[in-house]
Amino acid sequence: MYEYLIYSKLKKHSKEPKSFHVPGHKAVGAFKAKFPSAVLDLTELPYTDNLLSPKGVIAAAQRDIANILGAKASFITTDGSSSGVYAMAYCASLRGNKLIVFRNSHQSVWNACRLFGIEPLIVQGEEREGVMLPPPVDVIGKLLEGDAKIAGVLATSPDYYGNVAPLESYAATVKKYNRLLFVDGAHGAHLAFGNKKLYAGSYADMWVDGAHKTLPTLTQGAIVNLNNPDLITAAEEALALFRTTSPSYPIMASVEYGVKYLANFPKFAERAEQAVRQFKEQSPEFTFYPSDDWSKLLIDFKPFTVSADKVLDRLEKKGTYAEFSDGRYILFYLSPMTTLAELSALKKKILAILSNRKLKGSYKERPAIPESERSYSFRYALARQREWIDLESAAGRMCAQNAGFAPPCVPVVVTGEMITPAAVKTLSQAKSTFGIKDGKICVVKKW
């Protein structure tokens with residue numbers, strides 16, 4: 001059994017003398033009454049160690065995490081997966097000024113490319129049941145073969161819909177061309193405790209686990225992991241740049257706890273996965289998106305001719321909150337802590353909502369993401385002056401800021417791409433977007 005090292009040290013503090021160090025709440029009075037966990041909210045003390053230069057309990061906890069996840073090195077971060085994505089981009093920038101990325105990459109990937117002057121080479125797969133799939137390996141191979149300036153691939157796996165990229169094939173391809181495989185595994189930390197063939201850590205040189213998303217961990221808790229020892233020094237440099245100098249000790253402790261809890265009690269992950277299988281077997285009324293990842297339960301409301309948005313609204317009125325609706329699917333984001341009883345109760349609520357005949361015919365097809373025309377580079381567009389213009393008149397202009405659907409935050413047009421009439425139509429019809437402000441889109445200014 002693994003011991004919860006950081007938590008044990010924090011717990012000890014609750015019995016220590018009065019604080020004469022930060023934080024300012026001092027874990028006393030009305031603040032402590034409203035936030036009882038304040039007694040665990042510490043700073044760098046002789047026995048709590050220092051995340052930026054760990055030599056004690058944090059260093060030991062990170063070694064244990066690496067051992068459990070099968071990594072050469074693991075680093076806790078309290079800044080979410082985004083700081084890990086920045087660290088991967090930093091490491092990539094030392095090998096080349098181009099990086100292959102998925103169109104449905106998280107916003108942090110695009111921000112990282114902007115920070116480090118990296119040209120993102122966008123790849124995307126076909127659609128399946130209205131959802132974008134990971135790109136095929138041959139597309140990646142052709143790009144790597146033809147350009148020595150490409151540092152590698154930054155893949156997203158799994159994505160919000162539970163699609164797992166063919167990481168084994170990606171890894172073989174990047175190795176063939178002596179490049180690197182980075183994986184934004186923000187949605188897949190739990191996969192380390194199941195089928196390892198789905199887990200990013202089985203293939204990647206460097207990857208990020210968003211522990212807070214699927215493990216019993218506080219929000220913003222994440223882990224940066226490496227299999228490639230040649231990247232460790234660069235990763236440490238990057239994390240020193242992007243991690244906060246005032247990390248949350250409760251979040252740190254919860255990251256260690258989340259990993260070790262499932263290592264100590266694997267039955268919870270096994271039970272939850274079995275519960276999902278059983279739920280699907282016992283629910284012939286529903287059509288499910290065929291996720292590779294059991295924790296992404298997506299119910300398709302198109303067969304009911306019912307808007308998923310309307311179902312979600314009614315679920316929320318009943319006190320049940322899902323991750324998101326994209327109009328067709330509702331994503332119920334699960335974890336090893338999910339039980340069959342909870343899923344059964346959810347089913348009853350959904351069926352009760354669907355019994356309302358007024359909802360029939362409310363479904364509307366979401367427009368597909370159109371093919372984009374790219375005439376200039378991402379970096380070129382970023383360096384130009386920009387302006388906001390009406391979306392309806394933007395066809396033929398160069399995009400200066402990513403714009404797309406939200407959720408799940410997939411760009412319809414990326415910075416540097418030419419905005420097509422099809423892209424204008426898609427964005428105009430979307431219920432919720434990003435990169436669109438008061439009906440306007442950011443474009444490169446004409447001279």
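Starting from 1, each residue takes its place in the sequence as its number. Hydrogens, waters and symmetry mates are skipped; everything else that's a heavy atom, side chains included, is used.
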Practice problem: Dump the intermediate steps for side-chain hydrogen bond (donor to acceptor under 3.5 Å, both in side chains) on S325 and D309, then the final yes or no. | Solution: CA-CA 6 Å; S325 161; D309 294 336; 2.5 Å; yes
Exercise. Could you give me the CA-CA distance, side-chain angles and deciding distance for Y289 and R128, then say whether side-chain hydrogen bond (donor to acceptor under 3.5 Å, both in side chains) is met?
Key: CA-CA 9 Å; Y289 179 75; R128 177 179 64 185; 3.1 Å; yes
Quiz item: Which distance, rounded to the nearest 0.5 Å, do you find between the CD of E270 and the CG of L262?
Solution: 10.0 Å
Quiz item: Within a reach of under 6.0 Å around CD of E168, are more than 12 heavy atoms found that belong to other residues, nucleotides or ligands?
Solution: no
Quiz item: When rounded to the nearest 0.5 angstrom, what distance separates CZ in R386 from NZ in K445?
Solution: 12.5 Å
Quiz item: Under 3.5 Å, side chain of D159 to main-chain N/O of N163, donor-acceptor pair present?
Solution: yes
Quiz item: Does the ring of F288 carry K280 above it, NZ/CZ under 6.0 angstrom from centre and within 45° of its axis?
Solution: yes
Quiz item: Any Lys/Arg nitrogen of E119 or K149 sitting under 4.0 Å from an Asp/Glu carboxylate oxygen of the other?
Solution: no
Quiz item: Does the gap between the ring centers of Y90 and F116 come in under 6.0 Å?
Solution: yes
Exercise. Give a yes or no on whether the backbone of V410 and the side-chain of N104 come within a donor-acceptor separation of less than 3.5 Å.
Key: no
Quiz item: Should we count NZ of K310 as having more than 12 external heavy atoms under 6.0 Å?
Solution: no
Practice problem: Kindly check if the number of other-residue, nucleotide or ligand heavy atoms within 6.0 Å of CD (E126) is above 12? | Solution: no
Exercise. Taking the side chain as every heavy atom from C-beta outward, state whether F324 and F332 have any pair of such atoms under 4.5 Å apart.
Key: no
Quiz item: Does a side-chain N-to-carboxylate-O contact under 4.0 Å join E273 and R277?
Solution: yes
Quiz item: Is E417 salt-bridged to R103, going by a charged N under 4.0 Å from an acidic O?
Solution: yes
Quiz prompt | Within the 6.0 Å centroid threshold, strictly below: Y257 and Y7 | solution = no
Quiz item: Is there a donor-acceptor pair under 3.5 Å between the side chain of W388 and the backbone N or O of V443?
Solution: no
Just distance, no hydrogens or angles: give the donor-acceptor pairs under 3.5 Å from side chains in residues 188-198, sequence neighbours left out.
{"from": "H190", "atom 1": "ND1", "to": "T214", "atom 2": "OG1", "distance (Å)": "3.1"}
{"from": "H190", "atom 1": "NE2", "to": "D293", "atom 2": "OD1", "distance (Å)": "2.7"}
{"from": "H190", "atom 1": "NE2", "to": "D293", "atom 2": "OD2", "distance (Å)": "3.3"}
{"from": "H190", "atom 1": "NE2", "to": "S295", "atom 2": "OG", "distance (Å)": "3.2"}
{"from": "N195", "atom 1": "OD1", "to": "K197", "atom 2": "N", "distance (Å)": "3.0"}
{"from": "K196", "atom 1": "NZ", "to": "A192", "atom 2": "O", "distance (Å)": "3.3"}

Quiz item: If you measure from the Lys or Arg side-chain nitrogens to the Asp or Glu carboxylate oxygens, is any gap between K440 and D390 under 4.0 Å?
Solution: yes
Quiz item: Should Y199 and D209 count as side-chain neighbours, where that means a heavy-atom distance under 4.5 Å?
Solution: yes
Quiz item: Will you find, in the side chains of T156 and D184, an N or O donor that is under 3.5 Å from an N or O acceptor?
Solution: no
Self-check item: R328 side chain to E129 backbone, donor-acceptor under 3.5 Å
Solution: yes
Quiz item: If you measure from CG on L297 to OG on S291, what distance do you get to the nearest 0.5 Å?
Solution: 8.0 Å
Practice problem: Give a yes-or-no answer on whether the side chains of E323 and Y160 include a donor-acceptor pair shorter than 3.5 Å. | Solution: yes
Exercise. Without swapping roles, check the side chain of R397 against the backbone of V444 for a donor-acceptor pair under 3.5 Å.
Key: yes
Quiz item: Is the charged tip of R366 near the ring of F405: under 6.0 Å from the six-membered ring centre and within 45° of its axis?
Solution: yes
Practice problem: Calculate, to the nearest 0.5 Å, the distance between atoms CD1 and OG belonging to I76 and S248 respectively. | Solution: 11.0 Å
Practice problem: Examine the side chains of N402 and T415 and answer whether a donor and an acceptor come within less than 3.5 Å of each other. | Solution: yes
Quiz item: So do the side chains of W207 and S157 get within less than 4.5 Å of each other, counting heavy atoms only?
Solution: no
Quiz item: With a 4.5 Å heavy-atom cut-off, do F434 and Q107 have their side chains touching?
Solution: yes
Quiz item: Should the heavy atoms of other residues, nucleotides or ligands under 6.0 Å from NZ of K347 be counted, would the total exceed 12?
Solution: yes
Self-check item: Main-chain N/O of Y177 paired with R179 side-chain donor or acceptor, under 3.5 Å
Solution: yes
Quiz item: Just by modelled atom types, is the Y363 backbone N or O under 3.5 Å from a matching donor or acceptor in the S307 side chain?
Solution: no
Quiz item: For the rings on Y261 and F265, is their centre-to-centre separation under 6.0 Å?
Solution: yes
Exercise. For side-chain hydrogen bond (donor to acceptor under 3.5 Å, both in side chains), just list the numbers for D326 and Y161, CA-CA rounded to whole Å, side-chain angles, deciding distance to a tenth of an Å, and then say yes or no.
Key: CA-CA 11 Å; D326 67 4; Y161 290 86; 2.6 Å; yes
Quiz item: Taking everything shown except D438 itself, do over 12 heavy atoms lie less than 6.0 Å from its CG?
Solution: no
Practice problem: Answer yes or no: does atom CZ of R114 have more than 12 heavy-atom neighbours from other residues, nucleotides or ligands under 6.0 Å? | Solution: no
Practice problem: Output yes when a side-chain donor or acceptor of S344 lies under 3.5 Å from a complementary backbone atom of L340, and no otherwise. | Solution: yes
Exercise. Supply the atom-to-atom distance E392 CD to I441 CD1, rounded to the nearest 0.5 angstrom.
Key: 11.0 Å
Self-check item: NE2 on H106 to CG on L154, rounded to 0.5 Å
Solution: 12.5 Å
Quiz item: Are K446 and E387 ion-paired here, with the side-chain N under 4.0 Å from a carboxylate O?
Solution: no
Quiz item: Is the distance between the ring centroids of H187 and Y333 under 6.0 Å?
Solution: yes
